[in-house]
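Okay, structure first, notes after.
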Amino acid sequence: IAAFRNELLNSGITPTAIGENPDSSLTKQRDEELLAEAEKIIRARGGYPVFFSATDSWGWELCTALTNCGFRVREDFGILTYGGYELAFTASPKLSCAVIDAEQIGRLAAEAIMAENAAAKGVYFTDYKIVLNETL
């Protein structure tokens, strides 16, 4: 999430235009609070907020809840999720998402597990691409 925030800032988006909620506990009560906050953001900004979700499933849930409140995806708000798993492409609307290279990350993970020296183990990064579907 920090990498996306930095890319937004580097592209000229002001810090006040980026809403963040670092609390990742997703209890039912917390879900309702986050949905209420998203609705408040759309009404207050009058612009086109784009919500970033750390999972496809939460992004789809947010999109569904906001459209049930009468907001229009791509007109009143946008959603970008992280993952790009099956749900992103089978949901309606199809989710725009950051998709990791699963084959590359799997290969790196296997290599790290099989490495016999500790120097080969550590933090690994993989490529990702942004897939623009029906929520941006």
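- Contact detail for R74 and E134: the closest heavy-atom pair is CD-O, 2.9 Å.
- Atoms CD and NZ, from E37 and K40 in turn, are 4.5 Å apart once rounded to the nearest 0.5 Å.
- With a 4.5 Å cut-off on side-chain heavy atoms, N133 and P93 do not count as touching.
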- side-chain contact (heavy atoms from CB on, under 4.5 Å) between I100 and Y82, intermediate numbers included: CA-CA 8 Å; I100 61 166; Y82 180 82; 2.9 Å; yes
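- You'll find the side chain of R43 reaches within 4.5 Å of the side chain of E39, heavy atoms only.
- One hydrophobic cluster holds both Y85 and I130 under the rule that ILVMFWY side chains link at heavy-atom gaps under 4.5 Å.
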- Taking it one step at a time, do L80 and F51 satisfy side-chain contact (heavy atoms from CB on, under 4.5 Å)? CA-CA 6 Å; L80 177 68; F51 298 100; over 6 Å; no
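- When hydrophobic clusters are built by joining Ile, Leu, Val, Met, Phe, Trp and Tyr residues whose side-chain heavy atoms come closer than 4.5 Å, directly or via intermediates, L95 is not grouped with Y128.
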- Audit row: D56, T81, side chain to side chain donor-acceptor pair (under 3.5 Å) steps and yes/no: CA-CA 5 Å; D56 295 333; T81 68; 2.5 Å; yes
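- Heavy-atom minimum distance, C63 versus T135: SG-CG2, 4.3 Å.
- Linking Ile, Leu, Val, Met, Phe, Trp and Tyr residues whenever their side-chain heavy atoms come within less than 4.5 Å leaves V131 and V50 in two separate clusters.
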- Message: Between L87 and S57, is the side-chain contact (heavy atoms from CB on, under 4.5 Å) condition met? List the steps.
- Response: CA-CA 7 Å; L87 173 64; S57 59; 3.9 Å; yes
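- Across every non-hydrogen atom of A88 and C97, the tightest pair is CB-SG, 4.0 Å.
- Each of I79 and W60 belongs to its own hydrophobic cluster when Ile, Leu, Val, Met, Phe, Trp and Tyr are linked at side-chain heavy-atom distances under 4.5 angstrom.
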- Take V73 and L66, measure what side-chain contact (heavy atoms from CB on, under 4.5 Å) needs, and give me the verdict at the end. CA-CA 8 Å; V73 67; L66 291 174; over 6 Å; no
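- Applying the salt bridge (Lys or Arg N to Asp or Glu O under 4.0 Å) test to every pair with at least one member in residues 64-73, sequence neighbours left out, gives these pairs: R72-E75, R72-D76.
- With hydrogens and angles ignored, the 3.5 Å screen pairs a side-chain donor or acceptor of S53 with a backbone N or O of G59.
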